[in-house]
2 protein chains.
Amino acid sequence: MKKEIEIFERYLKTKNLSLTKERKLILDEVFSIDGHLEADEIFLRLKKDKKDVSRATVYRTLGLLVNSGLVRKVYLGEDHIHYEHTHGHTHHDHLVCIKCGKVIEFSDKKIEKLQASVCRERGFQELSHTVQIFGYCKDCKE
Amino acid sequence: MKKEIEIFERYLKTKNLSLTKERKLILDEVFSIDGHLEADEIFLRLKKDKKDVSRATVYRTLGLLVNSGLVRKVYLGEDHIHYEHTHGHTHHDHLVCIKCGKVIEFSDKKIEKLQASVCRERGFQELSHTVQIFGYCKDCKE
DNA sequence: GTTTAGATTGAGACTAAATCTCAAGTAGGA
DNA sequence: TCCTACTTGAGATTTAGTCTCAATCTAAAC
Ligand SMILES: [Mn+2]
Ligand SMILES: [Mn+2]
Ligand SMILES: [Zn+2]
Ligand SMILES: [Zn+2]
């Protein structure tokens, strides 16, 4: 599998943009995290590492990463967006425990197929989707 | 079918709260709108009608309406929450056109069943879910 | 190597959604 | 009537995210 950095650089090339040192720092930080991450988390981790990058650049670069297809936004019921790697991960959706906050990933081919046929019936061209199921996880239900 | 106001009042009773004139104004305004609505829309409509209610009370009351089960929050990919009636409407999910903003509702029993079985397999107790499919509607796809 | 146009950045101002604070007012049961 | 808990509005606050703009960098063209 291609490395993230190559994909990102190729994407940037197509937009006449370049892989600056700030963008590389952010890319590395994002791919050093497993699981769901937040913009501010990237900003603070880099700051702690004395690899300062401005908050604006973090947001700007996360946008580029999303557009390049390496990363996607996920909505987990909180008041800010989370991000997760798509590169190297198969598509999945989320069960979110509203008590302990745990996020459980699942994927179901049959659901995906049915969603695709809903779109087909409506003449809708799907680009992406997110499914969130909120409730209590095994450990939290009474 | 029971009227919204009765359900709301009963809910409030169980919480030792009362149906004040502000809460009634907001309830009426919310149920006068068909489709997806925003908190600020309620605030501004009431203001225009000279039925002033503070923004804080609008948010507080929308929270109560959600807890009472009359209304639910929906995430449509924008930077603020939308609300929609649940009372008197069957459950559905959304296709969101990222070009013209159109929101198309759909419901699919088979998808819902499969989601339920995903939860069952994981010992997850579902309370609610939302599905959003983003893409181009019939009129917007190239 | 210079020039130059366009890309890039950081600091901090700004916006907007949503929540919080708190003093003043209200409702209802004892 | 008294008391307590509920309720509200105004505006402050919080927080996520965007925008502005001057300074700097990049890389292609000369
Ligand atoms: Mn995930
Ligand atoms: Mn709807
Ligand atoms: Zn849990
Ligand atoms: Zn459209």
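What you are looking at is a predicted structure, and each value in this text was computed from that prediction instead of being measured. All heavy atoms count here, side chains included; hydrogens, waters and symmetry mates do not.
- Environment of OH in B:Tyr136: sparse, with no more than 12 heavy atoms of neighbouring residues, nucleotides or ligands closer than 6.0 Å.
- Atom CG in B:Asp40 sits roughly 9 Å away from atom C1' in C:dA16 (whole-Å rounding).
- To the nearest 0.5 angstrom, A:Phe124 atom CZ is 9.5 Å from B:Lys102 atom NZ.
- Backbone-only contact: B:Asp79 has heavy atoms under 4.0 Å from sugar-phosphate atoms and none from a base.
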Begin from the C-alpha positions of A:Tyr83 and A:His36 and carry the test ring pair (Phe, Tyr, Trp, His ring centres under 6.0 Å) through to its verdict. CA-CA 6 Å; A:Tyr83 297 85; A:His36 305 114; over 10 Å; no
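- The ring of B:His91 has its center no closer than 6.0 angstrom to the ring center of B:His89.
- In this model, no donor atom of one side chain and acceptor atom of the other lie less than 3.5 Å apart for A:Glu22 and A:Thr57.
- The phosphate of C:dT19 (OP1 or OP2) has no side-chain N or O of B:Arg60 nearer than 4.0 angstrom.
- Each of A:Glu22 and B:Ala39 was assigned the nucleotide of DNA chain C with the nearest heavy atom; the assignment lying further toward the 5' end belongs to A:Glu22.
- Counting only distance, with no hydrogens or angles, the side chain of A:His92 and the backbone of A:Thr90 share a donor-acceptor pair below 3.5 Å.
- Counting to the nearest Å, the P atom of C:dA7 and the CG atom of A:Asn16 are 7 Å from each other.
- Looking only at distances, no side-chain donor or acceptor of A:Glu29 sits under 3.5 Å from a matching main-chain atom of A:Ile26.
- Taking atom CZ of B:Arg23 as the reference point, atom C1' of C:dA27 lies 12 Å away to the nearest angstrom.
- When all heavy atoms of B:Asp93 and B:Val131 are compared, the closest pair comes out as OD1-N, 3.1 Å.
- C:dG28 atom C1' lies 15 Å from atom CG of B:Leu19, rounded to whole Å.
- Counting heavy atoms of neighbouring residues, nucleotides and ligands inside a 6.0 Å radius, atom NZ of B:Lys141 exceeds 12 of them.
- Interface residues of residues 49-59 of chain A facing DNA chain D, ordered by number: A:Ala56, A:Tyr59; criterion, heavy-atom separation under 4.0 Å.
- Taking atom NZ of A:Lys21 as the reference point, atom P of C:dT9 lies 9 Å away to the nearest angstrom.
- At whole-Å resolution of the value, CG in B:Leu17 and P in C:dG28 are 13 Å apart.
- Five base pairs at each end of the helix from C:dG1-D:dC30 to C:dA30-D:dT1 define two local axes, and these are offset by 10° (rounded to 10°).
- Summarising the geometry of B:Phe134 relative to B:Leu76, their closest heavy-atom pair is CE2-O, 3.9 Å, with the distance given to 0.1 Å.
- Of the possible donor and acceptor atoms, one in the side chain of A:His85 sits under 3.5 Å from a partner among the backbone N and O of A:Val30.
- On the nucleic acid side, DNA chain D has its first and last nucleotide under 4.0 Å of a heavy atom of chain A at D:dA16 to D:dT20, going 5' to 3'.
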